[in-house]
Amino acid sequence: CVALLQFSSHRVNQNKRLGNKTRTVHANILYDNAKGEENPNRHYANNKIKTTKYTVLSFLPKNLFEQFHRFANVYFVFIALLNFVPVVNAFQPELALAPVVFILSVTAIKDLWEDYRRHRSDKEINHMDCLVYSRAVRRYVEKYWKEVRVGDFIKLRCNEILPADVLLLSSSDPDRLCHIETATLDGETNLKQRQVVRSFFELDCDFDPLKYNSIIECEKPNNDLNRFRGYMSFLCIRDALYKENLLLRGCTIRNTEEAVGVVIYAGHETKAMLNNNGPRYKRSKLERQMNVDVFWCVIILLVMCLFAAVGHGLWMFQYGDKRPVFDVLSPEGTDLSPIMSAIYLFLTLIIVFQVLIPISLFVSIEIVKICQVYFIHQDMDLYDEETDSHLQCRALNITEDLGQMQYIFSDKTGTLTENKMVFRRCTVAGVEYSHDANARRLAMYQEIDSEEEECTSHGGTLPRRDSVASHQSARVVLRSHSTKSHRRTGSRAEAKRASILSKHTAFSSPMEKDITPDPQLLDKVNECSSQMDFMRFHNQPMSQLPSDLSDIIDFFIALTICNTVVVSSPNQPRQKLKSPVKTIEDFIKRFTPSRLTSGSNNSSSSSLITNRSSNKGCSSMLSSPSAESTLTKLEEEQSPGGLDHAFSPAPPCYDGKAWTVDEGELRYEAESPDEAALVYAARAYKCSLVGRLPDQVTVELPHLGKLNFELLHTLGFDSTRKRMSVVVRHPLTDQITVYTKGADSVIMDLIKPPDTGKHQKKIVYRTQNYLNLYAADGLRTLCIAKKVLTKEEYACWLQRHLQAETSIQGREQLLFESALRLETNLQLLGATGIEDRLQDGVPETIASLRKAGLQIWVLTGDKQETAVNIAYACKLLDPEEEILTLNADSQAFHTNFALFEIYPSSTPSSSSFSHTAPFMVHRLGLVIDGRTLAYALDKSLEDRFLAVARSCRSVLCCRSTPLQKSMVVKLVRNKLKVMTLAIGDGANDVSMIQVADVGVGISGQEGMQAVMASDFALPRFRYLQKLLLVHGHWCYSRLANMILYFFYKNAMFVALIFWYQFYCGFSGSAMIDQWYLIFFNLMFSAFPQLITGTLDKDVSAETLQHLPQLYVNGQNSEEYKPYMFWMNMIDAFYQSLICFFIPYFAYADSDVDLFTWGTPITTLALFTILLHLGIETKTWTWMNWLSITFSIALFFTVALCYNASCPTCYSPSNPYWTMQRLLQDPLFYLLCVITPFAALLPRYFYRACQGTLFPSPVRVGRQFDKLPAETRRNILSLSRVKVGSKSANSGICSMLISASLLDLQTFFFIERKLKECVSNRYCML
């Protein structure tokens, strides 16, 4: 213990020198009897969580402080407080506070309820039980989660949730593994494995916390779920720690009886809590426009107050020294000067005219948006039955932006395609195997699927097909290069069965699993395996195997083991294995001749799921100080014959019997569909992956049985290297072999130069040609390679790799450089072509979105030829288009944009391109690769690149990195000032999704990273069509009209008081009772506009989807333009004049009091405002009628009750029985008819002329909705007009109507509009 404490002190001093960039964790049981200040873990956070924002004492001040961050609330509170100043008050102070108190109270109650729910959740979580080791009783005792501390030992049981981030030290699993479910963190439901720290791997007894004497040094708490760096040290020995050793808070223990670990991070320092950022907030474009108009309302308010103040000053000045009898003295009892009177009146009128700034607008918008999101969620057309998933709205405040999109940036794999990879063909050692039988199998799936769709469309059903074998009688149709060849295959019945199976096993549909092998290649695999079996039996070296056969077996071994696929085989025994090579000493022990004859136990288990986006290797330990002597000893122990030695008659990896796998018992779970497709392809050739442990991969080969490959290192896939490698000890040759798979763009550059002969050069040349052919067919390509290391090479690399593994600072970069040193001079084995089918409805969706005026860019990391082929299949590129391909061969591109190699595409449909001809926007497509894109995004060239891209109808960026994707989106958004939407399904799309104005995630095959970073989540790409064209259009139209209506309504009501100032000496008096003035906008006229803002539909969903051109209405902001605000304000002032002067002249020279004249004006204003809303409402439902009826009934009810019960509420005026007398006066009813009619006549006339003489596309679509359903279908079937412009008239161009279907007037009108379109070159008939 003394030595341990001394070493701890040394580590603390070292941490201070490192700037406290790491944390040191000690076991708490060593400090049970120590004082609190002596425990080195005392500064770390405890495990109690608190997600609430308020306490009982802090709620009121903190909530008010948060609400006052909104300027509008500050403004209204200031106005209410100003009303308490006697010299400027306009209303009763308590009454003036009512509206703002109501708004603040509603928001506060909502916040309090949400915080209370968080409090209950926190209390429930903090009081969950877990087992913590107690030194006092020498056993594990139950404690609450909130009592757990960093450094505690915790025992975890099956199906328990982890209370903190725990370092795994022991597991009841014989392989020292622990299975966890991480769905609460990343949304992935497949099980993952974590392994015990390497120094505790070979414990032969249960873990005893009292014997723990190590110190943990790790990184500071951070929110990176895919990284954990550190080491466990005892004296001078360090054992590296990885994320595979860390169990994160919130995960669930599965399939493991017990596990023990030490707490590393607790409470708010856990990775799960650090990732809990709450909902995202974005400000919509419409809201930004609205804020400008709110500013103009403030200017109008100040102008009106200033005008009235000047008028009042002049009015007071005309009396001179003779003060009027009604003049109000100052608080001191003296007369006020005209200037001071004007100043006081200015402040008074700000109080009176405060309604001009809509206090309830912001709350109403939030309510409407929540209702809109609810109805979007309830749309069953956006529900995917196969995945049982709905649309998710993760950002509540940008729904209207969906109706204003101009550019869409889409990923390809998993977004446009299914991301369900099917092995299609391959080439090995320069020989291509076309797999024609497999192609016929895929075509059969497609044919059956098309037949099912046809039968379903006619109301029929197909008999159930229970297996692939029952499909043999179906008609087989081979489809070559066509759009349908990329469609999703598989019958609906099988898709349903596959979806049920996929709940337990990822990427395991029959189409993906049941691969038909190529007969020629299968014969070669069997021949190779039989020869190897013969050579092994006769103790012949494997180097005598012909090179072409050797490449074939290595090719399939690489497909089988170079992955992170999880294998579960529950019926096989599981035994403990020795740990993999992690030190130089282990290396010597395992690779001495005596090691080759020792036995090893067989086992199979699930593989360790690793993260593909990070470099990784297994846990490792630094070599001892005598590394030089051990390397010398290693050289002495090398046998002269090298690694090509003779085998014993009964090798340890073979049990002497043929071993068969019951495929029904094996289940594969892969991180990516590419890996699953390759493993299933290898299994089709009887090369089956049957087990995986952290240190071993078990493979079954034909004739050879089960072989155990010792897994030395795994160099995971990352987006920079674009490849993955495994280092294994081959059980038949005992050679240290590196198997690598990755993108052809990087693997081909790492191939050893073929200087040894023409054979290797020929293989590389042929493979490259086949890769080009695969890409031209739209297949995803991967290259497979290997490298054999000598002991000296491996020992040299291992020593530097161990240093990289155990470093904390810069570990990723060091591991990256270590992988680069290993993955050189590779031997090319072959390449594969995998088919990724298009999702259902993708071509139709892209076509509709393009008709809607949306520019679609596809940003993908795929090979250029593959991406172009898929682009043609999904109708992103049209065969009639001219294709510009931009490829830069060197960085000379930086100096001159003309060094772009611009040439027509090689497709047969492409016509010759003239560089001098001007760009024709709708006849060009741009294809650019990643290297060129990197140059084009340079500051000096981005404007020129953007000019070229804008001139093209479609843009396809290939081989683009995640960073390039986000840079492209940011460039277009910032430079062109357009609304952008990014859609993707993988972690590599997250940056692009977050940069765009609206981010959409596809809940597909690559986890939930994209969904968790998005604003909206969709199950399929095709749902984007209705989300944008229908719901986006509706949300924008509703909110735009509601905001304009709010401004109109408030201005109209305030103007009534402004006109009265001309008759009261600009004194700030009001002829409207203050109760009506305060609650008019808050109660009497609030409900109808909420109903209209939530339910109004200007055009039906069916028409919006059949006529995508109507979406241009939102792109051009046709519903909310700056001039519309001013038109509404002018209309509001006109209507207020009518509502003021008609009652004024009607009651002129009468003896009615002020309120008997003002109450009819309030009533007429309410009727006019509600009828105005009726004119602007497009769709009437029973809720619209009910809301209007309720508003009128509420007004009269309040008025009657108030006038009957409050005779002295507003002294000296008396409102008693005012409404009762008015209801007995016929003149009042006459005014209620004439005044609203006169006030609304200009607006009604304008709308009538607009719909008849110059209708907008939306108005024509509304008329189209009124036609009978059969007539609409006939029109849509008879008229198909290609629209080539985003012009507003393009909506009319989509309706070529026959005279036999409609009256001649309508036909002539549309014919005239079509002629205008043609003359303006807006469309082609």
Inset, instruction - First locate atom CD1 of I856, then atom OH of Y407, and finally report the distance between them rounded to the nearest 0.5 Å. - result: 12.0 Å

Legend entry - D401 side chain vs K285 backbone, donor-acceptor pair below 3.5 Å: yes

Legend entry - Closest non-hydrogen atom pair, S951 against L924: O-CD1, 3.8 Å

Inset, instruction - Go through the structure and list residues passing ring-ring contact (aromatic ring centres under 6.0 Å, His included) with F1021, not counting sequence neighbours. - result: none

Inset, instruction - Determine the minimum heavy-atom distance between Q1025 and L849, stating which atoms define it. - result: CA-CD2, 4.3 Å

Legend entry - Interatomic spacing from CG in L1104 to CG in L1028 - rounded to 0.5 Å: 12.0 Å

Legend entry - Side-chain donor/acceptor of N1128 to backbone N/O of M1124, under 3.5 Å: yes

Legend entry - Residues which pass salt bridge (charged side-chain N to carboxylate O under 4.0 Å, His left out) with K1178, listed by chain and number, not counting sequence neighbours: none

Legend entry - Test item: K977 side-chain N/O and N974 main-chain N/O as donor-acceptor pair under 3.5 Å: yes

Legend entry - Set of ring-ring contact (aromatic ring centres under 6.0 Å, His included) partners for F409, sequence neighbours left out: W857

Inset, instruction - Find out whether S1014 and V1000 are in side-chain contact, i.e. whether some heavy atom of one side chain is under 4.5 Å from a heavy atom of the other. - result: no

Inset, instruction - Output all residues satisfying ring-ring contact (aromatic ring centres under 6.0 Å, His included) with H1031, sequence neighbours left out; order by chain, then residue number. - result: W1034

Legend entry - Pairs involving residues 368-390, ordered by first then second residue, that meet ring-ring contact (aromatic ring centres under 6.0 Å, His included) (sequence neighbours left out): Y383-H390

Legend entry - Under 3.5 Å: donor-acceptor pair, side chain of N1041, backbone of R1038: no

Inset, instruction - State which residues pass side-chain hydrogen bond (donor to acceptor under 3.5 Å, both in side chains) with T1189; sequence neighbours excluded, sorted by chain then number. - result: none

Legend entry - Euclidean distance, T1094 OG1 relative to L1039 CG, rounded to 0.5 Å: 8.5 Å

Inset, instruction - Could you please spell out the steps behind the side chain to side chain contact (heavy atoms under 4.5 Å, CB included) verdict for R1247 and R1259? - result: CA-CA 10 Å; R1247 291 300 185 194; R1259 186 169 293 274; 4.0 Å; yes

Legend entry - D989 versus D985, closest heavy-atom pair with distance: OD2-N, 3.1 Å

Inset, instruction - Not counting sequence neighbours, which residues clear side-chain hydrogen bond (donor to acceptor under 3.5 Å, both in side chains) with N291? List them please. - result: none

Inset, instruction - Search all heavy atoms of G853 against all heavy atoms of Q1115 and return the closest pair with its distance. - result: O-NE2, 3.3 Å

Legend entry - S284 (side chain) donor-acceptor with I398 (main chain) under 3.5 angstrom: no

Inset, instruction - Say whether, by atom type as modelled, one donor and one acceptor occur between the side chain of Q855 and the main chain of I408 under 3.5 angstrom. - result: no

Inset, instruction - Locate the shortest heavy-atom distance separating M290 from F362; write the atom from each residue and the value. - result: CE-CE2, 3.8 Å

Inset, instruction - Check the pair T1235 / I1138 against side chain to side chain contact (heavy atoms under 4.5 Å, CB included), numbers first and verdict last. - result: CA-CA 7 Å; T1235 305; I1138 299 299; 4.1 Å; yes

Legend entry - Which residues share a ring-ring contact (aromatic ring centres under 6.0 Å, His included) with F1125, sequence neighbours left out: F1047

Inset, instruction - Give a yes or no on whether the backbone of M405 and the side-chain of Y1111 come within a donor-acceptor separation of less than 3.5 Å. - result: yes

Legend entry - Test item: S1191 and F1084 side chains (from C-beta on) under 4.5 Å apart, heavy atoms: no

Legend entry - Spatial distance of atom CG (L1173) from atom OG1 (T1168) [nearest 0.5 Å]: 12.5 Å

Legend entry - Pair S1117, Q404: side-chain N/O donor-acceptor within cut-off below 3.5 Å: yes

Inset, instruction - Evaluate the side-chain proximity of S1085 to N1081: yes if any heavy-atom separation is below 4.5 Å, no if none is. - result: yes

Inset, instruction - Check whether any side-chain N or O of E1119 sits under 3.5 Å from a backbone N or O of S1037 as a donor-acceptor pair, and report yes or no. - result: no

Legend entry - 4.5 Å side-chain heavy-atom contact, I983 and D411: no

Legend entry - Neighbour count >12 (heavy atoms, 6.0 Å) for atom CH2, W1185: no

Legend entry - Contacts of type side-chain hydrogen bond (donor to acceptor under 3.5 Å, both in side chains), residue S410, not counting sequence neighbours: none

Legend entry - Greater than 12 external heavy atoms within 6.0 Å of W1180's CH2: yes

Inset, instruction - Answer yes when E844 and R1022 have at least one side-chain N-carboxylate O distance shorter than 4.0 Å, and no when they do not. - result: no

Inset, instruction - Apply the test side chain to side chain contact (heavy atoms under 4.5 Å, CB included) to residues I1169 and H1172: give CA-CA distance (whole Å), side-chain angles for both, the deciding distance (0.1 Å), then the verdict. - result: CA-CA 5 Å; I1169 287 173; H1172 180 107; 5.5 Å; no

Inset, instruction - Mark yes or no for whether R850, through its side chain, and K875, through its backbone, hold a donor-acceptor pair below 3.5 Å. - result: yes

Legend entry - Side chains of S954 and L926 in contact at under 4.5 Å (non-hydrogen atoms): no

Inset, instruction - Identify the heavy atoms of F1016 and C393 that sit nearest to each other, and give their distance. - result: CE2-SG, 3.3 Å

Output a table of donor-acceptor pairs, distance under 3.5 Å, between side-chain atoms of residues 1261-1269 and any protein atom two or more places apart or on a different chain; print 'none' if there are none.
from, atom 1, to, atom 2, distance (Å)
R1262, NE, D1098, O, 3.2
D1265, OD1, S1100, OG, 2.7
D1265, OD1, T1103, OG1, 2.3
D1265, OD2, S1100, N, 2.8
D1265, OD2, S1100, OG, 3.3

Inset, instruction - Go through the structure and list residues passing side-chain hydrogen bond (donor to acceptor under 3.5 Å, both in side chains) with D997, not counting sequence neighbours. - result: T980

Inset, instruction - Evaluate side-chain hydrogen bond (donor to acceptor under 3.5 Å, both in side chains) for Y1120 paired with D293, printing each intermediate quantity in order. - result: CA-CA 11 Å; Y1120 195 108; D293 290 337; 2.4 Å; yes

Legend entry - Residue that, paired with Y1048, satisfies side-chain contact (heavy atoms from CB on, under 4.5 Å) out of R1243, Q1135, E1176: Q1135

Legend entry - CD-CG distance between Q289 and L286, expressed to the nearest 0.5 angstrom: 6.0 Å

Inset, instruction - For residues 361-379, pull every pair meeting salt bridge (charged side-chain N to carboxylate O under 4.0 Å, His left out), keeping only residues two or more places apart or in separate chains. - result: R70-E366, K369-E400, D379-K1026

Inset, instruction - Kindly indicate, with the supporting measurements, whether the criterion salt bridge (charged side-chain N to carboxylate O under 4.0 Å, His left out) is fulfilled by R1020 and D840. - result: CA-CA 8 Å; R1020 292 285 185 268; D840 284 343; over 6 Å; no

Inset, instruction - Without swapping roles, check the side chain of K1049 against the backbone of A1132 for a donor-acceptor pair under 3.5 Å. - result: no

Inset, instruction - To the nearest 0.5 Å, tell me how far L1029 CG sits from S848 OG. - result: 6.5 Å

Legend entry - Side chain to side chain, M1042 and I365, heavy atoms closer than 4.5 Å: yes

